[in-house]
Amino acid sequence: MRTRAAVLCAAAAVVAGSFTAVPAGASTQHPAQATRAATVTWKKCGTTDYPTLQCGSLKVPLDHANPHGKQITLALSRVPHTAKTSQGPLLVNPGGPGGSGLTLAGFVASALPKTVAAQYDVIGFDPRGVGDSTPALDCKTGHFTPVRPDSVPGTPALERANLTRAQSFAAACGKKYASVLPYIDTVSAVQDMDSIRQALGARKISYFGYSYGTYLGAVYAKLFPERVRRLVLDSIVDPTGVWYDDNIGQDYAFNDRHRALMAWIAKYDSTYKLGTDPEKIEAKWYTMRAALAKKPAGGKVGASELEDIFIPGGYYNGYWPRLAEAFAAYVNDKESGPLEKAYDNFAAIDASGDNGYSVYTSVQCRDTSWPRGWNQWRKDNWQVYEKAPFMAWNNAWYNAPCAFWPVPSQHPVNIANGKLPPVLLFQATDDAATPHQGGATVHRLLYGSSLVVEQGGGNHGITLSGNACLDKYLSTYLTNGKVPRGRGEADAVCEKTPDPKPLAAKAASTSARGSTLHGLLGFRG
């Protein structure tokens with residue numbers, strides 16, 4: 001759940017019995033009960049791709065328990081319904097935490113069948129702290145400037161260097177946003193969503209969320225079950241592991257997806273000439289990593305940056321051909337140019353990325369407790385590294401500011417719910433960012449929900465990405481509320497979207513829509 005501009009990933013420790021329905025201090029009072037609801041003034045902000053897109057803004061309390069106190073502003077977008085009869089607002093969220101949802105509204109409205117999209121006002125929003133919402137967080141500009149220390153702390157000096165980075169980031173956030181950080185969390189974002197509902201004049205809303213957006217939607221449904229009309233969750237966070245344990249689970253799953261990439265490269269040895277044995281190809285990848293740790297390519301791609309380049313391949317296999325080309329060029333031809341270009345395309349962090357990471361850490365570190373003793377992190381991540389080295393330490397350092405976060409944590413929300421209309425869940429069996437267990441767990445916790453599984457699929461974010469079987473279930477549900485009902489763990493199963501072909505092949509099968517979606521969802525979140 002990380003992105004190049006924002007970042008996705010989910011994970012955290014939850015001790016059995018530590019759930020609470022609503023974190024301490026959270027208000028479930030509806031905005032209408034606290035103060036007169038605001039309205040949204042919409043203005044045209046269409047683009048070439050999404051010409052009917054409109055933009056607006058909404059002021060909400062920084063602290064919903066104090067509705068007349070300091071106000072912040074949420075940036076909103078809308079593609080209005082065109083059908084004679086409207087089914088009301090459909091809020092969409094791309095995940096993160098820290099992902100911007102403004103453009104996603106245009107994408108969803110254009111990717112759905114026209115007859116379905118026409119029935120909804122598709123509403124995008126930048127959650128508090130994100131993008132065009134104000135204040136927009138930027139704790140420490142340049143935190144990811146290359147070349148960073150090697151993520152694998154093989155020496156005390158490397159561990160100290162990485163620890164210093166994590167501690168300084170947490171300290172910078174606390175110093176710059178002391179009055180804001182206590183209110184950058186999932187529950188506050190959920191209360192914002194209900195303020196949006198009120199401002200739209202809707203008695204109920206429908207919701208469609210990817211990745212972390214599935215947790216956001218499930219928490220909204222828990223706090224405001226009577227306000228949910230339809231609920232779609234795609235690539236589902238395991239709510240029993242937010243956030244430390246979920247990140248550990250990701251490490252194993254991403255290692256598997258990295259090996260799947262190696263197997264795919266082996267299949268196309270005639271193109272990449274890296275061999276036909278996936279294990280030997282993987283060994284070449286780690287040899288490349290060791291070489292870059294000693295001499296970064298172009299002065300910007302060291303060992304940590306190489307991991308950053310290849311992590312997106314665990315989110316979306318449409319990136320595999322480009323990654324394989326860069327890998328082959330470096331190993332076979334001693335050319336680093338393609339690797340440097342891949343860094344610019346998949347890993348470089350710009351101002352939007354600094355903002356996304358600032359919100360990511362602020363939400364995850366606040367949502368739940370994290371181990372405060374570094375010895376626990378060291379023990380757990382070395383244990384993971386022994387079996388799943390690809391992303392173990394990279395992911396650990398990405399989340400390490402939470403060990404030093406300056407704001408006290410909340411208790412996670414128990415999303416178990418028996419008060420909802422039928423809910424539709426989508427999950428790929430080999431998803432790395434949100435492993436399959438998350439979908440199965442939420443299926444059990446949301447009574448009456450239906451789970452559609454993409455068998456053998458490994459992409460993260462699977463609807464509106466080129467799989468007609470999945471999209472048919474989505475369109476049917478948004479049209480009439482009907483969900484599939486099965487007898488097994490899954491209520492329906494779809495075949496996976498085919499893997500891509502090398503770019504040189506005439507039959508290259510990367511879905512243009514899939515590439516657009518995954519550009520919006522980003523990496524690590």
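Under the rule for a side chain to side chain donor-acceptor pair (under 3.5 Å), the partners of D491 that lie at least two apart in sequence or sit in another chain are H443.
Put simply, the side chain of Q427 gets close to the backbone of T434: a donor and an acceptor are under 3.5 Å apart. At distances below 3.5 Å, at least one donor-acceptor pair connects side-chain atoms of D234 with backbone N or O atoms of T463. Q198 places no side-chain N or O within 3.5 Å of a backbone atom of D194 that could act as its donor or acceptor partner. With R257 contributing its side chain and A432 its backbone, the two residues share no donor-acceptor pair below 3.5 Å. The backbone N or O of A512 sits less than 3.5 Å from a side-chain atom of T516, completing a donor-acceptor pair. Between the side chain of S211 and the main chain of G213, no donor-acceptor pair closer than 3.5 Å is present. Between the side chain of N381 and the backbone N or O of A396 there is no donor-acceptor pair closer than 3.5 Å. With T276 contributing its side chain and A266 its backbone, the two residues share no donor-acceptor pair below 3.5 Å. At least one donor-acceptor pair closer than 3.5 Å links the side chain of N467 to the backbone N or O of E495. Checking side-chain atoms of N355 against main-chain N and O of L137 turns up a donor-acceptor pair under 3.5 Å.
Between the side chains of E454 and T497, a donor-acceptor pair is found at a separation under 3.5 Å. Side-chain contact check for T47 and D49: no donor-acceptor pair (N or O, by modelled atom type) lies under 3.5 Å. For the residue pair Y120/R230, the side-chain donor-acceptor check at 3.5 Å is satisfied. Side-chain contact annotation: N459 with D431, donor-acceptor N/O pair under 3.5 Å absent.
Ring pair Y286/H258 is perpendicular by interplanar angle, where above 60° counts as perpendicular and below 30° as parallel. Using cut-offs of 30° and 60° for the angle between ring planes, the Y357 and F169 rings count as tilted. Using the six-membered ring where Trp is involved, W264 and Y272 have ring planes that are tilted, between 30° and 60° apart.
The distance from atom OG of S77 to atom CG of L53, rounded to the nearest 0.5 Å, is 5.0 Å. Residue S235 holds its OG atom at 8.0 Å from CG of L521, rounded to the nearest 0.5 Å. Distance check: L261 CG to D256 CG gives 13.0 Å after rounding to the nearest 0.5 Å. Considering CZ of R259 and CD of E282, their distance stands at 4.5 Å, rounded to 0.5 Å.
T186 is listed as a side-chain neighbour of Y212, based on a closest heavy-atom distance under 4.5 Å. Side-chain atoms of S450 and V423, non-hydrogen and from C-beta on, never get closer than 4.5 Å to each other. The closest side-chain heavy-atom distance from R229 to I205 is not below 4.5 Å. Residues V442 and T214 are not in side-chain contact: their nearest non-hydrogen atoms beyond the backbone lie 4.5 Å or more apart. Within the 4.5 Å cutoff, side-chain heavy atoms of D192 are placed close to those of H64. Contact check for V413 versus Y215: side-chain heavy atoms found under the 4.5 Å cut-off. Between L216 and Y220, every side-chain heavy-atom pair lies at or beyond the 4.5 Å cut-off.
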Only pairs under 3.5 Å count here: list side-chain donor-acceptor contacts from residues 469-476, not counting sequence neighbours, and write none if there are none.
residue, atom, partner, partner atom, Å
D471, OD1, L464, N, 2.7
D471, OD2, R513, NH2, 2.5
S475, OG, D471, O, 3.0
T476, OG1, K472, O, 2.9

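Under a 4.0 Å N-O distance rule, the pair E307/R289 qualifies as a salt bridge.
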What do the steps show when you test E226 against K419 for salt bridge (Lys or Arg N to Asp or Glu O under 4.0 Å), and what is the final call?
CA-CA 8 Å; E226 74 283 4; K419 301 179 180 179; over 6 Å; no
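In E279, the CD atom is not crowded: 12 or fewer heavy atoms of neighbouring residues, nucleotides or ligands sit closer than 6.0 Å. Within 6.0 Å of the CZ atom in R485, the count of heavy atoms belonging to other residues, nucleotides or ligands exceeds 12.
Among the candidates Y316, Y315, Y210, F346, the single residue satisfying the ring pair (Phe, Tyr, Trp, His ring centres under 6.0 Å) test with H518 is Y316.
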